[in-house]
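One structure is given below, encoded as structure tokens.
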Amino acid sequence: MKPKVYIQTLGCPKNLVDSELMAGALEKEGFRLVSKEKEAEIIILNTCSFILPAREESISEALRLAEYKKKGSCRRLVMTGCLPQRHGGELEEGLHEIDLFLGTGRINEIARALAALDAGTTKALIGKPDFLMTAAMPRRVLTPPHIAYLKIAEGCSNCCAYCAIPSIRGRLRSRETGDILREAAMLIKNGARELIVIAQDTTSYGRDRKGSPGIDQLLKGLSALNGNYWIRLMYTYPSRITKKLLETIAAGEKICKYIDMPVQHINDEILKSMGRRGSGRKIRSVIAAARAIIPGVTLRTSLIVGYPGETKRRFIELLEFVRDTRFERLGAFAYSPEEGTKAARLGGRVPSGEIERRKEVLLNEQAEISRGKNLALIGSVQEIIIDGKGPGGDYSYRGRTRGQAPEIDGMVFIKTRKKLRSGDLVLCKITGADDYDLFAEYPTS
């Protein structure tokens with residue numbers, strides 16, 4: 001009988017899809033997936049290496065999980081994903097607790113790699129990061145059944161100065177449109193009520209394939225599939241958001257009026273140093289167009305605080321941009337120099353304490369903006385997707401509006417005497433709000 005396997009995923013949803021593919025491949029070969037690490041004979045840690053805190057978390061988790069080899073049933077500890085792809089040789093020398101290192105380009109070889117490990121013939125499989133999934137590959141969805149991530153491309157060709165992703169994941173590789181639609185149809189058939197479209201840059205979809213449809217045509221194809229479900233678009237690049245894309249989102253009943261567009265900064269000198277395409281003026285223009293073409297659109301962004309050369313004046317410019325734009329959702333990240341990137345060699349470093357102070361100022365400003373926008377929703381009726389049981393008391397369920405993505409945004413706590421199931425789409429009346437979450441009643445009267 002094949003051993004029991006536990007998979008832990010760190011990092012972003014794109015990494016989670018990789019874990020789902022590994023889970024599917026292992027199940028196909030007879031391995032048994034378990035939900036508790038203490039029950040596993042093999043533990044797989046799928047790691048993130050995007051920024052320093054992510055690398056530190058990956059190492060910390062690896063050492064914690066290694067304890068199960070000493071006092072649990074675990075026989076093998078495997079590290080996969082971005083960290084071994086980026087630092088495989090160093091890790092092999094320093095982390096003797098790990099039995100196998102598997103890079104991002106070899107995740108489809110997980111079952112063979114484990115067999116080779118038992119035969120004592122391998123320790124690391126890194127290689128070129130050129131893997132691209134297809135709908136024909138087995139996949140075990142690890143999210144709640146009503147939510148599914150749809151990865152439409154792999155890698156990135158933007159080459160921003162602060163980012164190591166192209167060296168970890170390779171250059172842009174778009175999946176064939178028909179293949180994506182086949183996978184989406186299978187996910188919907190299996191119960192998905194929310195398809196979340198992801199890639200390193202979804203707006204670059206098809207640019208590497210001559211004659212391929214772009215992201216707007218792909219969204220139209222996804223909208224035409226049978227079923228009652230939402231489509232949510234993540235990870236767009238501001239300068240590649242076109243009028244045609246905005247019109248497609250506005251016209252699509254199934255497409256959430258939600259756009260995740262990480263702008264990173266607004267100062268032109270910082271944007272140029274970052275290697276970002278477009279200017280602060282272009283970013284403002286795209287935001288204005290989105291709000292004009294898609295009434296009620298929810299805009300999410302992320303910002304990098306403390307990038308080299310971010311003077312106090314440039315930070316104030318960023319802060320005023322946040323105040324003026326009033327994003328519905330916003331995340332801020334403290335800049336950290338990444339080995340091998342252009343930005344790591346720049347002067348004009350901002351002290352770490354000052355970076356954290358600036359980050360706190362931005363997030364406090366956004367909390368007030370978010371609270372005001374949430375309070376404005378009181379009394380409105382919103383379509384809610386039910387995610388599961390609530391915290392108890394008056395609120396027996398939790399869910400999200402079309403303007404709330406799972407994990408990264410707030411949620412809705414629902415008061416009802418009705419019995420609901422995860423994945424149900426229901427109309428609720430918003431009755432209360434705080435900085436990030438909403439409170440609602442179902443039915444509406």
Task: Chi angles and distances behind the side chain to side chain contact (heavy atoms under 4.5 Å, CB included) call for Leu362, Arg358 - done: CA-CA 6 Å; Leu362 270 184; Arg358 293 179 185 182; over 6 Å; no
Open item on the list: Ring centres under 6.0 Å, that's the criterion: do Phe321 and Phe315 meet it?
Closed with: no
TODO: Could you tell me whether Arg300 and Asp409 make a salt bridge, using a distance below 4.0 angstrom between a side-chain N and a carboxylate O?
DONE: yes
Open item on the list: Tell me if a side-chain donor or acceptor on Arg232 pairs with a main-chain N or O of Gln404 at a distance below 3.5 Å.
Closed with: yes
Task: Min side-chain heavy-atom separation Arg291-Leu299 under 4.5 Å - done: yes
TODO: Output, in order, the C-alpha distance, side-chain angles, deciding distance and verdict of side-chain hydrogen bond (donor to acceptor under 3.5 Å, both in side chains) for Glu339 and Thr341.
DONE: CA-CA 6 Å; Glu339 181 184 350; Thr341 63; over 6 Å; no
Task: Arg193 and Trp230, any side-chain heavy atoms less than 4.5 Å apart - done: no
Open item on the list: Under a 3.5 Å threshold, yes or no: a donor from one side chain and an acceptor from the other, between Asn46 and Ser19?
Closed with: yes
Task: Any pair counted as salt bridge (charged side-chain N to carboxylate O under 4.0 Å, His left out), so long as it reaches residues 364-382, sequence neighbours left out - done: Arg323-Glu365, Glu328-Lys373, Arg371-Asp435
- [ ] Classify the side-chain pair Glu37/Tyr68 by whether it contains a donor and acceptor separated by less than 3.5 Å.
- [x] yes
Open item on the list: Quick one about Glu354 and Ser352 (side-chain donor to acceptor, distance below 3.5 Å, no hydrogens or angles considered), yes or no?
Closed with: no
Open item on the list: Walk me through whether Asp387 and His146 qualify under side-chain hydrogen bond (donor to acceptor under 3.5 Å, both in side chains).
Closed with: CA-CA 8 Å; Asp387 283 334; His146 64 287; 2.8 Å; yes
- [ ] Would you mind telling me which of Gln200, Arg171, Arg240 makes a side chain to side chain donor-acceptor pair (under 3.5 Å) with Asn158?
- [x] Arg240
Task: Glu407, CD: over 12 other non-hydrogen atoms inside 6.0 angstrom - done: no
Task: Row check, Tyr237 ring normal vs Arg276 NZ/CZ: under 6.0 Å, within 45° - done: yes
- [ ] Write down the atom of Asp18, the atom of Lys151, and the distance for their closest heavy-atom approach.
- [x] OD1-NZ, 2.9 Å
- [ ] May I ask you to decide whether Lys418 forms a salt bridge with Glu441, counting only side-chain N to carboxylate O separations under 4.0 Å?
- [x] no
Open item on the list: If you define the side chain from C-beta out and look only at heavy atoms, does anything of Ile152 sit under 4.5 Å from Val197?
Closed with: yes
Open item on the list: For Lys342, I'd like to know if atom NZ has over 12 heavy atoms of other residues, nucleotides or ligands within 6.0 Å.
Closed with: no
Open item on the list: For a quick test of reading the model, state the closest non-hydrogen atom pair linking Arg182 to Ala135 and the distance between them.
Closed with: CB-CB, 4.4 Å
- [ ] Verify the ring-centre separation between Tyr162 and Tyr335: is it less than 6.0 angstrom?
- [x] no
Side-chain donor-acceptor pairs under 3.5 Å in residues 210-227, sequence neighbours left out?
residue: Ser223; atom: OG; partner: Leu219; partner atom: O; Å: 2.9

TODO: State, to 0.1 Å, how close Glu317 and Ile266 come at their nearest heavy-atom pair, and which atoms those are.
DONE: O-CG2, 3.8 Å
TODO: Taking only Lys NZ, Arg NE, NH1 and NH2, and the carboxylate oxygens of Asp or Glu, determine whether Arg140 and Glu20 approach each other closer than 4.0 Å.
DONE: no
Open item on the list: Looking at every heavy atom in both Ile255 and Arg402, which two are closest together, and how far apart are they?
Closed with: O-NH1, 3.7 Å
Open item on the list: Regarding Lys4 and Glu39, does a basic nitrogen lie under 4.0 Å from an acidic carboxylate oxygen?
Closed with: no
Open item on the list: Within the structure provided, determine whether Arg175 and Glu183 are in side-chain contact (heavy-atom separation under 4.5 Å).
Closed with: yes
Task: Distance in Å, Leu187 CG paired with Glu194 CD, rounded so as to fall on 0.5 Å steps - done: 12.5 Å
TODO: Measure across Ala433 and Leu375 and return the closest heavy-atom pair with its distance rounded to 0.1 Å.
DONE: CB-N, 3.9 Å
Task: CD/Glu269: more than 12 non-hydrogen atoms of other groups inside 6.0 Å - done: yes
Task: Distance-only donor-acceptor check, side chains Ser174 and Asp208, under 3.5 Å - done: yes
Task: Thr401 side-chain N/O to Gly403 backbone N/O, donor-acceptor pair under 3.5 Å - done: yes
Task: Shortest non-hydrogen contact between Arg349 and Pro337, atoms and distance - done: NH2-CB, 3.8 Å
Open item on the list: Any donor-acceptor pair under 3.5 Å linking the side-chain atoms of His265 with those of Glu310?
Closed with: yes
Open item on the list: A quick test of your reading: do over 12 heavy atoms of other residues, nucleotides or ligands sit less than 6.0 Å from CD of Glu56?
Closed with: yes
Open item on the list: Tell me whether Lys36 contacts the main-chain N or O of Val34 through its side chain, where contact means a donor paired with an acceptor under 3.5 Å.
Closed with: no
